[in-house]
Each structure stands twice: as structure tokens, then as C-alpha cells.
Amino acid sequence: MLNKNNITKIQQSVILGCLSSLLSNLPALGAEQIYFSSPLGELTIPVNSLEEYARSGKIDSELAFYTQFTSKSEFKQLREFLQARVNLNEVAISQFLYSSMGKIALKNLGEYVQNDSHQNGFYALRSALILSAASHDSLNLIEVLKKFPSRSIRIDSDALFKIFGAFSQLVEKTKQANLLVQEKSEIEANKQIVQNQDELPKLVYNKWQKQTLKLNDQKRKRAFVTDLYLPELPQKASVIVISHGFGSDRTDFVYLAEHLVSHGFAVAVLEHPGSNTSNLETFIRGATREVVEANEFINRPQDISFLLDYLQQLNQSDSAFQNRFNLEKVGAIGHSFGGYTVMALAGAKINIPFIKQQCRADNFNLNATNASYLLLCITQKLKEKSIPDLKDKRIQAVFAINPVSGGVFGETGLLPVEIPVMFAASSNDAVAPALLEQICPFTWLNTPNKYLALNQNGTHSDANQNSMRSVLPFTPEIASPNPKLARSYYKSLSLAFAKTYIAGELQYSNYLAPSYVQKMSQPSMPLKILRELTSEQLSKSLNFSCPGAMDK
């Protein structure tokens, strides 16, 4: 007979992890019984017990066993997860689960959520999710459990614990990395205190006009639109191109475009047709098969190069635009998938061997917990030798906000980048985690002019003026405490960076100094910036190696 006092805290956390974290975070787990191994032997949770608890709050004798390892608040949270609904109908669910991205998710989830015969739960999970959504035009965990086409479901606890361990490690190492960035930033601020540093000008009231251009790249059979913000200046204007993230569109960056054009930049905010809001809406309606095609990793940078070619033509032959653009001074800003896009234009190379290694179902390292993992795994379809050179030599500097970069490029892929780069990271980014996607990649960059800005308490969606909630009924991360403040940071950082490295007005570099950033930082969302952090310092301080780092 097991004695409760003999159960270690580790064993308790194992049981709690299976009960609370697994049931709350995974979409489909069983039918009548859920079986999983533990240090106490094979344990069972009846689905009926969970259903009754979700309905009435009653804890029956079967479920009561687990209360000795779980606090009241944790059990209350479990009930909330069991009751929760996600308003997605069977068309949207089916579309996703039959897409390449959905198949990757199901295959990996099925490695440790298995049927009666201990086989991968791929097909059972897909069936349960679709049937559940068809019943009520929404997903609920209990209903998914009851639709699982097997009398029981078996959890591969060893694999599951590795996932939990990797996730816990990511959380802990990210906290440590954030503290390290703060420490290094403060050291730099104390070393270089800029005297007589007035506040960065917020507006200079340049007159400007906005036009929407319709472009059609017949060679790629790809049509897209671009909003062009053009200042009225006596001389040519330096150019900034803005690339939105997955499921976003050009309207998300009106605030940034208007800010930059008011300071004399010609700003082009284009819309990538294969990964914008409209494309996501079309997919959810069931009109397309894929959430995003692998070739979008090629098309996005090429969209920007085609746009620059088009602006060059306008510069030479269109009377309304003649000699309005200085295409020898071009910068690019990108958010999330757009961050990948501008880094590819800067010369970064897609690292197919590294991507394939990360995307194995049995890979339980830190990258397996990266939410952008599903997006980057799509690139496995690309043939390495057929990927063209995406670098555009007209791009003089890039500002990548919450970029998807570490998992796509690795250290090898980032080595060719030579132009100035600024990475903006958010400490609470659940989509492109700061440690994996910005901090590690920052240490790999060889360019002498590089910056890492870390927005404490910020999230992945802060940069978007609008929200994808019009398309998706939920968000994948906690709410930001102050998205308007975060966007004000991005306005200030992008202006100072663009003035310094695109317009060549070097006095603006003062506004990128850690001492100045400390002055404009607010307590609700502290902002830090640094220029120096090596992979050796990061590895030593955190006692870990960044996934994708080259063997030294």
C-alpha cells in the first residue's frame, strides 16, 4: 500500500502535470478511461468523473485520489479548462487538421496521446476534434474526450514528461536570459551616458500623401497591394518597407507608417497575399487547403524585392513619382513572420537540415515547445538546393520585431548577415519566445551594428495596431499590460534606428543608447537595449546551449 508521505514532490508534480497541465493544454485525451503511467504505477482517470466535476463541481471517489497532490486553486483551474469552449466550427477545425501544419501537430501530439493499442493517436485525435466541433460549432474538452474513437486513451508519460521538462526549462531559462539582458544593458548605460540628450522628436509635421498601389508579379503569378506613404520633400526620400506577420495585414502598421512618413521617410506597407488576414479567413471558410504554403517563405522576401523594382520604375518614368525615392537608402521593418522576411532580405539563409532536426516528433529540446514551430516545420517541404538567394542588396538595415528567426536560420543561417540589425523581443512572447527567436540569434549575428531591445511584460501581439481576434476567437498568450506603450516604444526605436542607419543622420544614434532608453522606459513595461552579448556569455550565465548553435 502506498503511503502518501513516501511520495516525493517530484512524483507529486508528475501526477499534477498529467492531470492539470495535460488536460488543460491538450485538445483531446480519451474516451471512457484515461490511462497514464507514473511513479505510482499506471493511473486511471474516468472521463465520467471529469464530466461530473466540470458540470457540478462534485469530486467523486475516483477523482478524489488526485486531490491529495493538488491545491484547491489548481483543481478550480482544471474545472475552468474542462468547461471552456473555443468557438471554432467543424469546417475550420477540419481545414486545419487536414492541412500540412495540422498534420504536423497531430503527428507529434499522437506520439504521446495514443489509442487502446498504444498506437499513435493521429487519426483518433483528428476524428474526435472534428466530431466534437460538428456537434456544437465549438470545441470543449469533455466533448472531445467523449468523441475519441477508442474505449480508452493511453498517455506515453515518458514522452509527455520530456515535453513538460522542456517547457519548464524554456520558462526558467527565458527568465534568466531576461535578467542577463537587463544587467548587460545597465552596464552599457553606465559606460556610455549621453549628455544633453533631449527627448526624441515625436512629430515634425511634414506633409505627406497616401496612395494604394496594385502590383502584379506575372512571373510568380502573384498580385498584391501596397499602401505608399510619401512625404512632400524637396529631395528624394529614403525608403522603409514594412512586412506584416502571419494572419495580419497592412492596416496593423498604420501607426508606424504615419510616424515614419511624418519624419521624412517614404514608407511602403505591403500585404503578403499568402499569409495575410484575408488568406487566413479564406482558409477558415474552407476555401483553401493550407493555412500557409511552404513557398510563402520564398514569396514574402520576393514580394519586397518586386516592390522595390516597381518603385525604381516609378522613380525613372512616372511623372507623379519621378525622383521621389532614394533607393540607395532602403530599410525594412518586419513583425513575426515579417521579421523572418526582412532577415532573409538581409542575407540570412533558411537552414533546412536544422529545421528537419527540430521537427522530428521525438525531439524534446527547447525548440519543441516553441509555438512558431508549426510554421517553421512547413519549410521541410522546400528543397534546399532550390531555395533562391533572397538577399536584396538595396536593403541597408533591418528592424525585426518579435521575429521568427532562431528556428528558421540557426547560427549558420545568420552568419551571412552584414548590415545593421535591431531585434525587438518581448519577455512574455508565447509565439516566438524571446530566448529562442531573438536573444540567441542576436548573439550569433556578426554585424558590428546590432541592437537587442527587450520589452519586459510585452507580448507577441503588441506591435499590431489591430488584432486577429476578428479572425480567431482566442489569443495564444496572456494580454499585454499596455500595448499602446509598446507601440510607442517601437515608434521611437524604429525612427532612431532608421535615421541613423538608413538616412545616415548619425546624431540619432544617441536615441539608441541604453541610457536614453532607460529615460523613456515606463515601470509597467520596462524597456532595455544593448549592443553587446556573446553566445559564450549567454551559455555561461544560463548554463545551456542555444538550439541551432554551431559546435565550437
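Model, not experiment: these values are computed from the prediction. Just so you know, these numbers use all the heavy atoms, side chains as well, and skip hydrogens, waters and symmetry mates.
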Could you check if a side-chain atom of [X] sits within less than 4.5 angstrom of a side-chain atom of [Y], using non-hydrogen atoms only?
X      : Y      : result
Leu345 : Ile304 : yes
Tyr516 : Ile529 : no
Asn276 : Phe246 : no
His244 : Phe253 : yes
Met343 : Val417 : yes
Ser541 : Gln176 : no
Thr447 : Ile419 : no
Val239 : Leu327 : yes

Aromatic rings [X] and [Y]: how do their planes relate, parallel, tilted or perpendicular, breaks at 30° and 60°?
X      : Y      : value
Phe224 : Phe306 : perpendicular
Phe497 : Tyr451 : perpendicular
Phe321 : Phe325 : parallel

Please determine if [X] and [Y] form a salt bridge, counting it only when a charged side-chain N lies under 4.0 Å from a carboxylate O.
X      : Y      : value
Lys236 : Glu328 : no
Lys381 : Glu290 : yes
Arg222 : Glu296 : yes
Asp392 : Arg394 : yes
Asp217 : Arg220 : yes

Would you please say whether a donor-acceptor pair under 3.5 Å links the side chains of [X] and [Y]?
X      : Y      : value
His460 : Ser336 : yes
His335 : Ser243 : no
Asp227 : Thr212 : yes
Asn279 : Thr282 : no

Legend entry - Stepwise side-chain contact (heavy atoms from CB on, under 4.5 Å) check, Asp429 with Thr459: CA-CA 4 Å; Asp429 190 340; Thr459 67; 6.0 Å; no
Inset, instruction - Please check if atom CD in Gln218 has more than 12 non-hydrogen atoms from other residues, nucleotides or ligands closer than 6.0 Å. - result: no
Once you round to the nearest 0.5 Å, how far does [atom1] of [X] lie from [atom2] of [Y]?
X      : Y      : atom1 : atom2 : value
Ser524 : Leu485 : OG    : CG    : 5.0 Å
Leu180 : Asn178 : CG    : CG    : 9.5 Å
Gln537 : Leu542 : CD    : CG    : 11.5 Å
Lys221 : Asn299 : NZ    : CG    : 13.0 Å

If only atom types and distance count, is the side chain of [X] paired as donor or acceptor with the main-chain N or O of [Y] below 3.5 Å?
X      : Y      : value
Ser185 : Val181 : no
Lys499 : His263 : yes
Glu437 : Gly406 : yes
Gln322 : Leu314 : no
Ser539 : Ser535 : no

Legend entry - Ring centre gap for Phe423 and Phe399 strictly below 6.0 Å: no
Inset, instruction - Using the ring of Tyr340 (Phe, Tyr or Trp, six-membered ring only), decide whether Arg300 places NZ or CZ under 6.0 Å from its centre and within 45 degrees of its axis. - result: no
Legend entry - Stacked cation flag Lys450 on Phe442, 6.0 angstrom / 45 deg: yes
Legend entry - side-chain hydrogen bond (donor to acceptor under 3.5 Å, both in side chains) between Asn206 and Ser262, worked out: CA-CA 5 Å; Asn206 278 331; Ser262 74; over 6 Å; no
Legend entry - Derivation and outcome, side-chain hydrogen bond (donor to acceptor under 3.5 Å, both in side chains), residues Ser426 and Asn428: CA-CA 6 Å; Ser426 302; Asn428 294 342; over 6 Å; no
Legend entry - Chi angles and distances behind the side-chain contact (heavy atoms from CB on, under 4.5 Å) call for Leu527, Met520: CA-CA 8 Å; Leu527 180 67; Met520 74 171 182; 3.5 Å; yes
Inset, instruction - Kindly determine whether Leu256 and Leu260 satisfy side-chain contact (heavy atoms from CB on, under 4.5 Å), including the steps that lead there. - result: CA-CA 6 Å; Leu256 199 54; Leu260 293 170; 4.2 Å; yes
